[in-house]
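The structure appears below as structure tokens.
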Number of protein chains: 2
Amino acid sequence: MQALRSIERSGICGEPIACVGCEARARGVCGALAGDQLVSLSRVSDRRVIRPGEHVGRAAGESESVSNILSGVVSLAKRLPDGRQQIVGLQFAPTLVGRPIAGDDAIEATAAGPVRVCTIPRSAFEGVLTANQAFERRVLSQALSQLDETRDLLVTLARKTALERVATYINMVVRHARPVGSPGEPGEIPLPLSRGEMADFLGLTIETVSRKMTELRKAKIVDFANAASLRILSQTRLDQAAGG
Amino acid sequence: MQALRSIERSGICGEPIACVGCEARARGVCGALAGDQLVSLSRVSDRRVIRPGEHVGRAAGESESVSNILSGVVSLAKRLPDGRQQIVGLQFAPTLVGRPIAGDDAIEATAAGPVRVCTIPRSAFEGVLTANQAFERRVLSQALSQLDETRDLLVTLARKTALERVATYINMVVRHARPVGSPGEPGEIPLPLSRGEMADFLGLTIETVSRKMTELRKAKIVDFANAASLRILSQTRLDQAAGG
DNA sequence: CGTCGGGTTGAGAATGGTCAACTTCAGTGG
DNA sequence: CCACTGAAGTTGACCATTCTCAACCCGACG
């Protein structure tokens with residue numbers, strides 16, 4: 001969780017050094033920012049690395065904040081009073097974690113694997129939200145995308161079989177692993193979640209996830225030597241197994 | 001689907017007649033509008049009544065639009081290629097139905113019971129979104145609320161038992177039936193969804209919903225003469241049955 | 001009075017959960 | 001280098017919840 005704060009500017013056009021080449025600037029909400037706004041935001045923002053299993057945005061009693069994911073995967077989990085829990089979303093770079101505007105939440109954002117984030121106090125974030133309408137539009141757009149994704153996940157959990165859910169998850173990871181143009185068959189794809197986290201995400205148990213992974217392997221749809229990565233043997237049949 | 005278009009203004013302060021006393025104006029996104037903006041929006045908006053089972057916002061080959069629910073309940077459903085379907089959200093007044101900004105959707109918004117809406121062409125809606133930042137903020141806020149609700153539903157479907165889901169649904173209806181201050185034990189509460197729709201919403205089958213309703217009745221937690229409404233006998237035990 | 005849609009109830013099947021044993025592998029210390 | 005340990009993963013046997021299929025009920029409506 002080392003703080004890499006940088007408030008220097010790069011020489012050329014006044015863009016803060018921390019923001020040069022940043023994923024959030026290229027494709028995330030910060031793309032709407034320039035000049036003074038970017039500089040003043042970068043002055044209060046804080047780049048850090050979150051270790052696997054640590055919470056995002058609640059580092060050591062600090063106040064409410066919003067974080068931009070720069071790399072890695074963050075899981076959002078909710079918990080029922082009796083302890084049952086469910087991962088309600090996985091977020092990849094470059095998306096926002098944390099409430100952009102006030103509201104009760106009770107969501108746990110946890111780093112699945114190492115995650116780099118750029119954290120901004122919520123007060124500062126809200127300031128930019130109000131000062132820059134293009135920024136607010138991007139936040140709205142991102143919220144709507146997350147709504148869509150959450151609804152898709154809802155259908156998956158409510159209507160798909162265990163095998164379909166596992167296949168759907170693998171497909172989801174594959175889509176994020178190959179950023180844009182998809183080369184036919186890549187090599188080993190790292191799985192960001194452990195079996196237990198997959199179970200939490202897919203509304204299953206560890207045992208069922210394990211069984212269905214084995215089933216996919218025995219059906220020669222995927223193959224893997226270790227549990228944490230795999231290789232797609234037939235994308236077609238994987239899509240089929242994912243059931244839409 | 002009668003069109004009740006009204007572009008007249010009320011005498012007093014220039015508020016369009018159609019907007020006087022409107023739910024969407026009191027608590028919905030239109031609360032951010034006044035004067036000319038409200039007038040010009042009301043000029044292109046269209047109040048109509050949607051009959052049960054009809055789709056919202058796709059009336060007879062019209063272009064893309066956004067609708068504000070004035071009264072009634074709208075269900076949002078997604079469908080898998082093989083026909084399995086799932087209701088991914090229920091929306092009550094005064095919330096927006098339809099994509100505020102572009103994006104692919106494939107969601108079916110259907111009236112569950114009679115619904116009154118105020119429909120606005122998306123182009124006009126986007127115009128207001130850009131012209132009035134308070135309006136955009138309300139849209140963002142509503143999107144975030146929907147995200148929260150969808151995540152709650154996700155946990156319910158992924159982790160709760162059939163009985164808990166049915167009880168959770170009843171509680172949800174109760175909360176919307178008693179708008180604000182809840183008088184202890186009200187009378188008959190109408191259930192907006194049929195058993196089949198409840199099943200689609202809760203990720204169950206009609207038979208299981210029916211059985212669990214019976215179970216709740218036999219346990220004297222609720223009571224009902226007809227299938228379409230019920231009476232709460234013990235809110236405490238209902239909360240308990242809903243499991244958080 | 002018959003039919004139709006929606007709802008309820010029952011019996012049996014099946015999917016996924018539970019509990020428990022076992023394997024694998026990384027890390028540790030002899 | 002090897003044995004030990006603990007965490008993560010796999011596999012198996014059994015069980016429970018929910019689904020499937022089918023019959024039946026009931027009220028609305030012709």
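Keep in mind it's a predicted model, so treat the numbers as computed, not measured.
Nearest to the side-chain atoms of A:T205 among the listed nucleotides C:dG16, C:dT18, D:dT10 stands C:dT18. Residue B:F224 has its side chain nearest to C:dT8 when only C:dC19, C:dG16, C:dT8 are considered. With C:dT8, D:dT18, C:dA20 as the candidates, the nucleotide lying closest to the side chain of B:R195 is C:dT8. When distances are taken from the side chain of B:T208 to each of C:dT9, C:dT18, D:dC19, the shortest belongs to D:dC19. Side chain of A:K212, nearest nucleotide from C:dT9, C:dG16, D:dT10: C:dG16. Here C:dG7 is the nucleotide among D:dG9, C:dA20, C:dG7 with the atom lying nearest to any side-chain atom of B:S194. Checked against D:dT18, D:dT20, C:dT9, the side chain of B:L204 finds its nearest nucleotide in D:dT18.
B:N226 has its CG atom 14 Å from the C1' atom of D:dA28, to the nearest Å. Atom CD1 of B:I206 and atom C1' of D:dA22 are 14 Å apart (whole Å). Taking atom CG of residue B:L191 and atom P of nucleotide C:dG7, one finds them 10 Å apart after rounding to whole Å. For A:L230 and D:dG9, the CG to C1' distance is 15 Å, given to the nearest whole Å. The nearest whole Å value for the distance from the CE atom in B:M198 to the P atom in C:dG6 is 15 Å. For A:E207 and C:dG16, the CD to P distance is 14 Å, given to the nearest whole Å. Rounded to whole angstrom, the span from the CE atom of B:M213 across to the C1' atom of C:dT8 amounts to 12 Å. Atom pair A:K218:NZ and D:dT10:P shows a separation of 11 Å (rounding to whole Å applied).
Salt bridge status for A:E215 with A:K212: present, with a side-chain N to carboxylate O gap under 4.0 Å. With respect to A:R79 and A:E108, a salt bridge is recorded, a charged nitrogen being found less than 4.0 Å from a carboxylate O.
In terms of polar N and O atoms assigned as donor or acceptor, the side chain of A:R211 comes within less than 3.5 Å of the base of C:dT18 in a complementary pairing.
Under a 3.5 Å cut-off, the side chain of A:R47 and the backbone N or O of A:A18 do form a donor-acceptor pair.
Ring orientation note: the planes of A:H176 and A:F92 are close to parallel, at an angle under 30° on the 30°/60° scale.
Side-chain contact of A:S71 with A:R116: a donor-acceptor pair under 3.5 Å is present, judged by distance alone.
The nearest heavy atom of DNA chain D to B:A162 and to A:L193 marks one nucleotide each, and the one closer to the 5' end goes with A:L193.
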